[in-house]
Q: 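Below is one structure. I have some questions about it.
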Amino acid sequence: MSLISKLPQVGTTIFTTMSRMAQEENAINLAQGFPGFGSDPVLLELVAKYTREGFNQYAPMSGVSELKQALAIKTQLTQGYYPDPESEVTIVSGATEALFAAFTAIVHPGDEVIVLEPAYDSYVPAITLNGGVPVFVPLQSPDFSVDWELVGSKITSKTRAIVVNSPHNPSGYVWTIEDVNQLASLVSETGLFVISDEVYEHILFDGRTHISLGSNAILQERTFVCGSFGKTFHVTGWKIGYCIAPKVLSTEFRKVHQYLTFSTVTPLQYALAEYLEDAEKYLELPAFYQKKRDLFLKGLALTPLQFKPSQGSFFQLATYGHLSKKSDVLIAEQMTRQLKVACIPVSVFYSNGQDHQVLRFCFAKKEEELEEALHRIQKVASLF
Ligand code: PMP
Ligand code: GLN
């Protein structure tokens, strides 16, 4: 059989590749972004309770009411607005599904979608599978902030949407209120939709706060806010997330969601609804992760690598460009095989693979594991 690929440029993701290499090499995996510690036993017990009590059949297509309500209350508390749980909140199988369903709901063949690079790897395939055309805009060096004039210059009559991500993977850049206002004034003139990837909404450092695009009136009416309980509560394997969007957008979003997965794991939804009643569970996350980031930075400062502290997410970038021009893919592989610490080469987050000799490390790990990894990274000069 011969098959014409719809995604001819796509291979296995770097996250799978590096995790596999880490396993083969028995290396510490600071590559793929997942927490290296257990989740809260309270949450695990709630899942056990709801499975035992028989909450094991299909959930309603848009999610169980209890969880949609709990999320609306959390949004009120953290972002100052209350989305209507029944018409504006949808529970899905991970932020990846939320993003895919949002793109599918709005992108028609030939539509352009602005993508800020470096970008998370799921956006472009979701755009192109829907016949859309990604239009890439580079983030600014050295902090990965947005050049709003440049973004404005890329908008044409064909531009349907822009996809944005704060706190940002891989750079950790966190949007300021100025960023939010700039986007609002840009879209109010042009009628674009916004897909806002906010999966690291609760992981911010040095007193920063997350400004959801849903909290801005101009943006709210055109934005799909995509989030992930997996990321927030250290359970990435559960693949459960959400999309908050105004009713008109949510209606189209749900038409896609109901044929992608129809509904999402029932006992997890009831467990998360009850767990969310205690706001401390997410309000304590910045302090929890700040300790890990600080420990990681302290160790990194003793290596020859250079870095700027991550502002949010559980990733830290570091460069070796002042020491070597070897490719980041090669250095990431050598670091995994020789130093036994896996990381991600940042060139893979660019459509044209541009290489600035930058590596991404995930510090969402136990302290002992981070300390051992840092000890091994001390020998990084041996790779250059
Ligand atoms: N967006 C970004 C920026 C991510 O890093 C990830 C990875 N977790 C996702 C979306 C996907 O989230 P989920 O695992 O909930 O599908
Ligand atoms: N979001 C995670 C990362 O950036 C990976 C998730 C995945 O493997 N698809 O590392």
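Every heavy atom of this structure was used, including side-chain atoms; hydrogens, water molecules and symmetry mates were not. First listed ligand is number 1; within each ligand, the first listed atom is number 1.
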Q: Backbone, side chain, both or neither: what part of D121 comes under 4.0 angstrom of ligand 2, heavy atoms only?
A: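 No part of D121 is near ligand 2 at this cut-off.
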
Q: Quick one: does ligand 2 sit under 4.0 Å from the side chain of Y120, the backbone, both or neither, non-hydrogen atoms only?
A: side chain

Q: Name the orientation class of the two ring planes belonging to W148 and W175 (parallel below 30°, tilted from 30 to 60°, perpendicular beyond 60°).
A: perpendicular

Q: Would you call E369 and K366 a salt bridge, using N to O less than 4.0 angstrom?
A: no

Q: Tell me whether K308 at atom NZ has more than 12 heavy atoms from other residues, nucleotides or ligands lying less than 6.0 Å away.
A: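 Incorrect, the count does not exceed 12.
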
Q: Give yes or no for whether the N/O distance cutoff of 3.5 Å, strictly under, is met between F15 and ligand 2.
A: no

Q: Give me the residue, atom name and distance of the protein heavy atom closest to atom 2 (C) of ligand 2.
A: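 For atom 2 (C) of ligand 2, the nearest protein heavy atom comes out as K231 NZ, 3.7 Å.
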
Q: Are T13 and ligand 2 in contact, using a heavy-atom cut-off of under 4.0 Å?
A: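 No, T13 has no heavy atom closer than 4.0 Å to ligand 2.
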
Q: What residue and atom, counting heavy atoms only, is the protein's closest point to atom 8 (O) of ligand 2, and at what distance?
A: Q32 NE2, 2.7 Å

Q: Could you tell me if any non-hydrogen atom of T236 lies under 4.0 Å from any atom of ligand 1?
A: no

Q: Please state whether the rings of F361 and F296 are parallel, tilted or perpendicular, taking 30° and 60° as the class boundaries.
A: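 Because their plane-to-plane angle lies in the 30° to 60° range, the rings of F361 and F296 count as tilted.
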
Q: If we set the cut-off at 4.0 Å for heavy atoms, which region of R360 has an atom near ligand 2: side chain, backbone, both, or neither?
A: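 Just the side chain.
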
Q: Starting from atom 11 (C) of ligand 1, which protein heavy atom do you reach first, and at what distance in Å?
A: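 The answer is T96 OG1, 3.3 Å.
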
Q: On a heavy-atom basis, I'd like to know which of V92, D197, V199 is closest to atom 1 (N) of ligand 1.
A: D197

Q: Under 4.5 Å between side-chain heavy atoms, counting indirect links through other Ile/Leu/Val/Met/Phe/Trp/Tyr residues: same cluster for V164 and V174 or not?
A: no

Q: Would you mind checking which non-hydrogen protein atom is closest to atom 5 (O) of ligand 1, with the distance to 0.1 Å?
A: Y200 OH, 2.6 Å

Q: Among all protein heavy atoms, pick the one closest to atom 9 (C) of ligand 1 and tell me residue, atom and distance.
A: Y120 CE2, 3.6 Å

Q: Do Y120 and H168 have their ring centres less than 6.0 Å from each other?
A: no

Q: Would you say F34 contacts ligand 1, with heavy atoms under 4.0 Å as the rule?
A: no

Q: Taking the inter-plane angle between the rings of Y270 and F55 on a 0 to 90° scale, is it parallel (under 30°), tilted (30 to 60°) or perpendicular (over 60°)?
A: tilted

Q: Do K74 and E201 meet the salt-bridge criterion of a basic N to acidic O distance under 4.0 Å?
A: yes

Q: Could you tell me, atom by atom, which parts of ligand 1 come under 4.0 Å of a heavy atom of S228?
A: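 Listed by number with element: 13 (P), 15 (O).
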
Q: Give the residue, atom name and distance (to 0.1 Å) of the protein heavy atom nearest atom 7 (C) of ligand 1.
A: K231 NZ, 2.9 Å

Q: Looking at N169, which atoms of ligand 1 are within less than 4.0 Å of one of its heavy atoms?
A: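 Matching atoms, with element in brackets: 3 (C), 4 (C), 5 (O).
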
Q: Using the ring of each side chain (for Trp, its six-membered ring), is F384 parallel, tilted or perpendicular to Y320, with breaks at 30° and 60°?
A: parallel

Q: Could you check which of E97, H168, E198, K239 puts a non-hydrogen atom nearest to atom 13 (P) of ligand 1?
A: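 Considering heavy atoms of E97, H168, E198, K239, the nearest to atom 13 (P) of ligand 1 sits in K239.
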
Q: Where does the angle between the aromatic ring planes of F314 and Y289 fall among parallel (under 30°), tilted (30 to 60°) and perpendicular (over 60°)?
A: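 The rings of F314 and Y289 sit tilted, inter-plane angle from 30° to 60°.
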
